[in-house]
Amino acid sequence: MTGTAHYTFFLLREFTHLAFSCAVEPLRIANYVSGRPLYRWTLASEDGHSATCSNGSVTLTDQGLEPTRHADRLFVISGTNVQNLTSAPVLAWLRRERAAGTPLGAICSGAYVLAKAGFLDDVETAVHWAWHDLFTEEFPDVRLVRNVFAAREKIITASGGTAAADLMLHLIGRDHGKNLATEVADQMVYNAVREGTAAQRVSIQSRHGMRNQHLMRAIAMMEKTIETPISPSLIAEDLGISTRQLERLFGRYLNSTPKHYFMEMRLHRAQNLLLQTEQSITEIAMACGFQTTSHFSRVFRAHFGTSPVQKRVTRG
């Protein structure tokens, strides 16, 4: 690539500062290491003056919702309160930019904004793992991946946090060669650069120091059947082991039982949906495999110490 690439970063209020820094700093360092202006960037916000991030610090911005004048890429960066801060003017601006031919991208929950605008249907999308439950319910046509970033599509996405650095190093390597990307990573003292296909979360195997394939398959089955939970006996039968053997595996490696582990998985998904969506309590109960709202509320209170209604009221 020749010339200077121009990226615009749109900072939605309460954006994640870590993701923003990890996106911009590799570009700055690429300029420093190469001794050439390979990249320049413009910061945009809804009011055109500044954007306050989730840790309270304020970043001055260069423009508001005016045309980006055909930036090489427009990235949306946001944070945990994205549903309440994605306004109609912002969506209209993004639609104008897309119509003008500006390539788009998103970092962290910025993918929510693009999905809300209708841009991510049938697009391979990386978004922070905490948002996967919401996307599954609200944007079922988005092709979610659990990777750190997705850069094979016209719209590219990074899951958030340090994944933004991985994406930028990938783009630097694509534009100017792997050697420069490696030099930038060295300057960042970043020796764990990940490819896009790397998983976002520490695997259960790594977290618990085990490699038992029966247990891995059992957990995968649970994740796929949250809406219609299957019994431990059916899981064991599918694995070709006894229910008692399955119970011993969960006790040995996870200090739990299959039934208790599955219930916790369903309840944590319910909590995510309560905090991130406007679905009714009944809809969330059904999405997490509970036949009645009363049973869901009772189990939820026993686990979290508060009712689903109270959890939603206090989510702000």
Side-chain angles (χ1 to χ4, degrees), residues 5 7-30 39 41-46 50-62 71-86 90 94 103-117 119-120 123-132 134-135 142 144-151 153 155-172 181 184-185 187-190 192-196 198-202 272 275-276:
Y7 292 160
T8 295
F9 295 96
F10 175 73
L11 307 178
L12 195 68
R13 283 181 296 150
E14 300 182 25
F15 69 95
T16 302
H17 201 270
L18 174 62
F20 170 59
S21 298
C22 286
V24 173
E25 281 301 290
L27 305 180
R28 180 191 67 80
I29 295 172
Y39 298 95
W41 50 92
T42 299
L43 305 184
S45 62
E46 189 164 1
S50 64
T52 302
C53 70
S54 56
N55 66 21
S57 62
V58 178
T59 299
L60 299 180
T61 56
D62 306 297
D72 291 295
R73 181 78 62 176
L74 167 57
F75 287 98
V76 178
I77 306 179
S78 55
T80 56
N81 198 23
V82 62
Q83 308 102 300
N84 297 321
L85 297 173
T86 303
V90 168
L94 289 171
L104 300 175
I107 296 172
C108 197
S109 63
Y112 177 92
V113 184
L114 299 188
K116 197 73 175 176
F119 299 159
L120 295 183
V123 173
E124 187 177 89
T125 302
V127 64
H128 192 284
W129 57 263
W131 293 92
H132 277 223
L134 178 146
F135 267 69
V142 175
L144 287 181
V145 294
R146 296 186 178 274
N147 304 347
V148 289
F149 64 83
E153 305 275 0
I155 298 177
I156 62 179
T157 48
S159 57
T162 56
D166 295 303
L167 174 60
M168 292 303 159
L169 289 168
H170 169 80
L171 296 178
I172 291 168
V184 173
Q187 286 288 327
M188 296 167 61
V189 197
Y190 192 48
V193 181
R194 297 167 292 183
E195 296 295 326
Q200 290 183 38
R201 304 181 73 176
V202 175
N272 279 345
L275 297 177
Q276 298 174 359

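Nothing fancy with the numbering, it's 1 onward along the sequence.
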*Asks:* With a 4.5 Å limit on heavy-atom distance, are the side chains of Phe10 and Leu94 in contact?
*Replies:*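 A side-chain contact is absent here, since even the closest heavy-atom pair is not under 4.5 Å.
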
*Asks:* Report the distance from atom CG of Leu134 to atom NE2 of His128, rounding to the nearest 0.5 Å.
*Replies:*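 NE2 of His128 is found 13.5 Å from CG of Leu134.
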
*Asks:* Please check this pair: side chain of Thr61 against backbone of Ala44, looking for a donor-acceptor N/O pair closer than 3.5 Å.
*Replies:*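 The answer is no, because no donor-acceptor pair under 3.5 Å joins these two groups.
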
*Asks:* Under 3.5 Å, is there a donor-acceptor pair between the side chain of Ser109 and the main chain of Gly79?
*Replies:*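 Between the backbone of Gly79 and the side chain of Ser109 there is a qualifying donor-acceptor contact (under 3.5 Å).
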
*Asks:* State the CG-CD distance between Leu104 and Glu153, to the nearest 0.5 angstrom.
*Replies:*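 Taking CG in Leu104 and CD in Glu153, the distance rounds to 13.0 Å.
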
*Asks:* Relative to the ring of Tyr112, is the ring of Trp131 parallel (under 30°), tilted (30 to 60°) or perpendicular (over 60°)?
*Replies:*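 Geometry flag for Tyr112 against Trp131: tilted rings.
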
*Asks:* Atom CG of Leu167 and atom OG1 of Thr162: how far apart are they, to the nearest 0.5 Å?
*Replies:*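 Leu167 CG to Thr162 OG1: 12.0 Å, rounded to 0.5 Å.
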
*Asks:* What are the two closest non-hydrogen atoms of Ala111 and Leu120, and how far apart are they?
*Replies:*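 Closest approach of Ala111 to Leu120, heavy atoms only: O-CD1, 3.3 Å.
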
*Asks:* Quick check: do Glu25 and Met168 have side-chain heavy atoms less than 4.5 Å from each other?
*Replies:*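 With C-beta onward as the side chain, the pair stays apart.
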
*Asks:* As an exercise, state the distance from SG of Cys22 to CG of Asp166, rounded to the nearest 0.5 Å.
*Replies:*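 It is 8.5 Å, given to the nearest 0.5 Å.
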
*Asks:* When you compare the side chain of Leu60 with that of Ser50, does any pair of heavy atoms fall below 4.5 Å?
*Replies:*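 Side chain of Ser50 against side chain of Leu60, heavy atoms only: contact under 4.5 Å found.
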
*Asks:* How far apart are the closest heavy atoms of Gly161 and Leu18, and which atoms are they?
*Replies:*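 Taking Gly161 first and Leu18 second, the nearest heavy atoms are CA-CD2, 3.8 Å.
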
*Asks:* Heavy atoms, side chains only, cut-off 4.5 Å: are Val184 and Met188 in contact?
*Replies:*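 They are in side-chain contact.
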
*Asks:* Which atoms form the tightest heavy-atom contact between Ala126 and Ala150, and what is the distance?
*Replies:*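 Here Ala126 and Ala150 meet closest at CB-N, 3.9 Å.
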
*Asks:* For Asp72 and Tyr7, indicate whether the former's side chain and the latter's backbone hold a donor-acceptor pair under 3.5 Å.
*Replies:*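 The answer is no, because no donor-acceptor pair under 3.5 Å joins these two groups.
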
*Asks:* Does a side-chain heavy-atom distance below 4.5 Å link Tyr190 with Ile29?
*Replies:*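 Not in contact.
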
*Asks:* Roughly how far, to the nearest 0.5 Å, is the CZ atom of Phe15 from the OG atom of Ser45?
*Replies:*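 With rounding to 0.5 Å, OG (Ser45) is 9.5 Å from CZ (Phe15).
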
*Asks:* Any side-chain heavy atom of Pro26 sitting closer than 4.5 Å to one from Ile172?
*Replies:*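 SC-SC contact between Pro26 and Ile172 confirmed.
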
*Asks:* Does Arg73 form a side chain to side chain contact (heavy atoms under 4.5 Å, CB included) with Ile156? I'd like the steps, not just the answer.
*Replies:* CA-CA 9 Å; Arg73 181 78 62 176; Ile156 62 179; 3.9 Å; yes

*Asks:* Can you tell me how far apart CD1 (Ile155) and CD (Glu124) are? Round to the nearest 0.5 Å.
*Replies:*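 It is 12.5 Å, given to the nearest 0.5 Å.
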
*Asks:* Provide the closest heavy-atom pair for Leu12 versus Leu85 in the form atom of the first, atom of the second, distance.
*Replies:*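 Nearest heavy atoms, Leu12 then Leu85: CD1-O, 3.5 Å.
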
*Asks:* Angle between ring planes, Phe9 versus Phe75, binned at 30° and 60°: parallel, tilted or perpendicular?
*Replies:*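 If you compare the ring of Phe9 with that of Phe75, the planes turn out parallel.
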
*Asks:* Is there a side-chain contact between Val127 and His132 in this structure, where contact means two heavy atoms from C-beta onward sitting under 4.5 Å apart?
*Replies:*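 With C-beta onward as the side chain, the pair touches.
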
*Asks:* Do Val123 and Thr157 come within less than 4.5 Å of each other through their side chains, counting heavy atoms only?
*Replies:*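 SC-SC contact between Val123 and Thr157 ruled out.
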
*Asks:* Closest heavy-atom contact between Ile107 and Ala19?
*Replies:*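 Taking every non-hydrogen atom into account, CG2-CB, 3.7 Å.
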
*Asks:* Gly105 and Leu114: which non-hydrogen atoms are nearest, and at how many Å?
*Replies:*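 Here Gly105 and Leu114 meet closest at O-CD1, 3.7 Å.
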
